Amino acid sequence: MQVNVDLTNCDREAIHIPGLIQPYGILFVLQKSDLTILQVSKNTFDLIGIHPEELLGKKLQQLLDAQQFSTIQKSLSTDFESVNAIKIYFVNQNQTFFFDGIIHYSQEVVILELLPTTSQDNQDFFTFYQLVKITIKQIQNTLNLQELCEVLAKQVRKLTEFDRVMIYRFHEEGGGKVIAEDKLEEITPYLNLHYPASDIPKQAKQLYVLNSLRLIPDVNYQPVELIPSHNPVNNEPVDLSYSVLRSVSPIHIEYLQNMGVSASMSISLIKNKKLWGLIACHNNTPKYVPYYIRTACEFLGNIMSLDIGTKEENEDLDYKLKLQTIQSKFVEAISESTNLLDALIEQKDELLELVSAEGVAVCLNQELRVFGKTPLEADIQDLIDWLATKINNDNVFYTDSLLKLYPASENFQDIASGMLALAIAQSQKHWILWFRPEVIQTVKWGGNPNKPVEVDENGSLRLSPRKSFKMWQETVRFKSLPWRKCEIDGALKLKNAIIGMVLKKADELAKINIELERSNSELDAFAYIASHDLKEPLRGIHNYSMFLIEDYADTLNEDGVSKLQTLVRLTQRMEDLINSLLHFSRLGRVELVMRRTNLQELVESVIEVLKISLQETDNLDIRICRRLPDVKCDGIQMSEVFSNLISNAIKYNDKASKLVEIGFLDQEVTKQATITFYVRDNGIGIRQKHLDNVFRIFKRLHTATQYGGGTGAGLTIAKKIVERHGGKIWIESTYGEGSTFYFTLPN
């Protein structure tokens with residue numbers, strides 16, 4: 001009976017601390033300080049004729065001659081790779097046992113492994129060179145990654161004489177594929193077959209990174225225990241991650257047995273410190289590989305690891321050059337534009353070609369544009385909200401199976417099974433999303449990839465590896481073509497180019513703002529000086545006109561007196577205008593004194609002062625609709641804002657009963673970090689076409705004598721005060737019915 005099961009337990013198997021070794025060698029756990037034997041494998045009598053119990057507690061020095069012991073001591077203070085293997089021999093009852101000694105540290109102890117050999121001679125550099133020189137030359141002549149893998153599979157098999165040697169490459173999702181193979185003709189090929197991630201658990205992959213070569217001479221071996229089972233130093237199982245002899249997981253042994261494999265060897269292929277693949281060697285009968293042959297194979301694996309990156313970069317070189325050409329022209333085109341969104345729209349075809357997509361969505365400044373085959377705009381907005389929680393530090397997200405990660409994409413998987421998303425600025429929802437359609441594929445597996453569990457004799461479930469490795473085909477849906485690294489890199493370069501453009505524009509705006517600030521400061525200073533200096537001659541004209549009226553009124557005719565009176569009125573108006581200009585210029589030069597202010601008391605005070613200056617208040621109703629909140633502001637300047645708005649509401653009113661309302665909008669209504677205040681009247685109102693002009697300085701909508709006169713600077717001054725507080729002011733009005741002035745202040 002077989003059922004499906006969660007495989008995470010397989011990933012948690014503690015394969016690095018089995019407490020067991022393979023029987024083809026001896027393992028010693030030694031105390032770091034004096035190399036006393038703390039633990040030893042139980043098979044010592046079989047290999048050196050000494051019972052393990054007799055070895056415990058002894059110092060290694062008692063078992064070896066002075067020269068061998070000195071060599072081991074020196075090796076502990078140098079690079080292990082340069083000394084392993086050490087030639088070691090034991091003499092017992094006139095019999096000599098030769099070993100290759102492998103030594104390394106494991107936490108707080110030293111581990112010494114002894115691998116039997118038939119010779120006490122070291123394999124010199126010349127022997128090693130002869131083993132690898134032909135392979136290295138062939139590797140140098142390969143043009144691409146596929147050729148490299150084929151050469152390596154062939155040469156490793158030639159060195160080791162295994163029945164089958166494969167190059168196995170891992171996928172990003174954890175599974176893998178056999179991409180090269182050299183084998184006996186009569187055995188079943190595994191080339192191009194896929195294998196699921198569950199075949200090699202996570203912790204096994206971690207050990208492949210730590211320990212790059214693994215040999216199992218006979219999968220049917222009986223594991224050998226360590227005695228005692230726990231390290232006496234910390235009373236824990238000893239960590240055998242770097243051990244050559246470490247016993248293999250029973251699940252992996254069963255896996256190999258199900259494949260019909262009797263011996264195996266694997267060599268790790270590492271790229272950028274991550275496991276890229278394996279050189280996997282299988283034999284139909286037990287097979288022991290001498291340590292010097294293993295070392296040569298490991299060296300070749302390291303050579304390939306160094307060359308993987310270069311060979312991958314050279315794959316599809318024409319396609320990559322095409323993308324780079326598109327990218328260069330694209331970036332040049334958008335960099336010359338003043339509007340990024342317009343530039344992307346104009347280059348929409350290149351934007352699609354940049355990553356070989358069939359649809360793209362651009363979201364900038366709350367505006368969404370789509371081109372090609374894309375989901376609906378509402379679906380894209382939901383996608384962006386979901387992506388904001390999934391994006392990585394590079395601000396890029398890509399998948400060739402969106403449905404697995406985002407079930408809501410089921411409705412549009414036919415056009416967006418694959419997605420590449422680029423976050424230009426998450427906080428402002430600036431995104432570019434590329435889409436690829438579903439591509440139905442047939443994948444060839446090395447057997448059914450669904451790992452089963454079995455029920456044992458006691459009725460409990462146990463993990464069991466697949467028993468059949470015959471080719472098993474699967475039709476895969478809801479997947480697009482995968483995104484290549486060069487396409488993802490192209491998207492990231494586009495992002496960097498856009499950010500560079502934005503920063504350039506921001507720098508240009510900053511320079512303009514500095515220049516504007518300087519110009520405004522100079523204009524304020526000029527207005528202040530000009531208005532101040534104009535007042536003195538104007539006052540002289542006014543006074544002399546008054547003297548002429550007083551002293552020569554009897555001499556002048558009526559027309560002459562009238563003209564002098566007009567001159568006096570004009571000088572008075574000119575002085576009012578200059579005073580308003582002087583006051584306006586001072587607003588930009590005087591620092592705000594920001595304090596927490598009781599607006600209720602402030603407005604009540606303003607109303608009281610205004611009523612004193614009014615001759616008639618019987619037909620006037622000024623209401624504060626509810627108590628005004630406290631805000632942080634400059635109280636003096638805010639008094640002027642309310643004074644201007646309330647006095648205008650009274651002045652520009654021809655109704656028999658004048659009404660002025662003062663209040664503020666609810667914070668829940670505005671949903672802003674500011675409070676919106678208003679001053680509403682039932683006055684004459686303003687025509688729609690004049691609403692944009694009321695805040696312009698000295699702009700009056702009536703003659704100087706209508707509605708009590710005035711300079712037309714009050715609303716301009718109110719606007720500047722509000723804006724200096726970080727707020728804004730606007731008006732809503734119905735002609736003949738009244739007006740409402742709104743302005744905001746920080747909450």
Side-chain angles (χ1 to χ4, degrees), residues 580 583 597-631 633-667 669-670 674-688 690-696 699-702 704-723 725 727-745:
S580 296
H583 181 53
T597 304
N598 186 325
L599 276 191
Q600 181 71 23
E601 293 181 1
L602 183 146
V603 174
E604 287 175 352
S605 176
V606 168
I607 294 171
E608 185 178 352
V609 171
L610 285 173
K611 283 185 174 180
I612 292 173
S613 64
L614 294 174
Q615 297 178 355
E616 180 63 49
T617 60
D618 291 341
N619 65 341
L620 174 63
D621 183 8
I622 303 178
R623 302 175 186 173
I624 301 177
C625 298
R626 53 176 168 164
R627 184 172 183 82
L628 300 175
D630 295 352
V631 295
C633 66
D634 185 311
I636 295 174
Q637 294 200 11
M638 201 48 58
S639 294
E640 189 164 1
V641 172
F642 278 103
S643 180
N644 273 317
L645 296 180
I646 296 170
S647 62
N648 279 353
I650 297 170
K651 183 192 299 184
Y652 297 102
N653 197 319
D654 57 0
K655 304 295 191 299
S657 296
K658 300 179 180 181
L659 175 63
V660 180
E661 286 185 15
I662 302 146
F664 64 97
L665 303 180
D666 289 334
Q667 189 69 15
V669 175
T670 61
T674 58
I675 301 177
T676 302
F677 296 92
Y678 65 85
V679 176
R680 181 176 294 125
D681 64 64
N682 65 338
I684 62 173
I686 305 171
R687 295 183 190 276
Q688 193 70 26
H690 295 311
L691 291 181
D692 293 337
N693 296 325
V694 295
F695 294 108
R696 289 169 56 188
K699 180 67 177 179
R700 289 178 51 82
L701 303 181
H702 309 282
T705 57
Q706 284 184 295
Y707 298 105
T711 63
L715 288 178
T716 308
I717 290 170
K719 182 174 184 288
K720 186 157 189 174
I721 291 173
V722 169
E723 289 176 348
H725 279 75
K728 61 179 181 177
I729 187 168
W730 68 97
I731 181 175
E732 294 177 0
S733 184
T734 303
Y735 184 69
E737 295 182 12
S739 304
T740 304
F741 283 84
Y742 296 94
F743 66 92
T744 60
L745 291 176

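No hydrogens, no waters, no symmetry mates; every other heavy atom, side chains included, goes into these values. What you see is a predicted model; the values in this text were computed from it and never measured.
- Within the 4.5 Å cutoff, the side chain of F741 has no heavy atoms near those of the I646 side chain.
- Contact annotation: the side chain of I636 never approaches that of E640 to less than 4.5 Å [non-hydrogen atoms, C-beta and beyond].
- In this view, R623 and D621 satisfy the salt bridge (charged side-chain N to carboxylate O under 4.0 Å, His left out) rule, not counting sequence neighbours.
- Side-chain contact between T744 and T676 is present, with at least one heavy-atom pair separated by less than 4.5 Å.
- The backbone N or O of I731 sits nowhere less than 3.5 Å from a side-chain atom of T740 that would complete a donor-acceptor pair.
- A heavy-atom distance below 4.5 Å is not found between the side chains of H725 and V641.
- Under the side-chain hydrogen bond (donor to acceptor under 3.5 Å, both in side chains) criterion, E732 pairs with no residue, sequence neighbours left out.
- Panel note: side chain N644, backbone L715; no donor-acceptor pair is recorded below 3.5 Å.
- In this structure, the side chains of I686 and Y652 stay at 4.5 Å or more apart for every pair of heavy atoms.
- A distance-only check finds a donor-acceptor pair linking the side chain of D681 to the backbone of S739 [under 3.5 Å].
- The backbone N or O of S639 lies less than 3.5 Å from no partner atom in the side chain of S643, so there is not a single donor-acceptor pair.
- R626 places a side-chain N or O within 3.5 Å of a backbone atom of F664 that can act as its donor or acceptor partner.
- The shortest side-chain heavy-atom distance between E601 and D630 does not fall under the 4.5 Å cut-off.
- Among residues two or more places apart in sequence or in another chain, the salt bridge (charged side-chain N to carboxylate O under 4.0 Å, His left out) test is passed with K658 by none.
- Residues I622 and K611 are in side-chain contact: their nearest non-hydrogen atoms beyond the backbone lie under 4.5 Å apart.
- With contacts defined as side-chain heavy-atom distances shorter than 4.5 Å, the pair I607/I624 qualifies.
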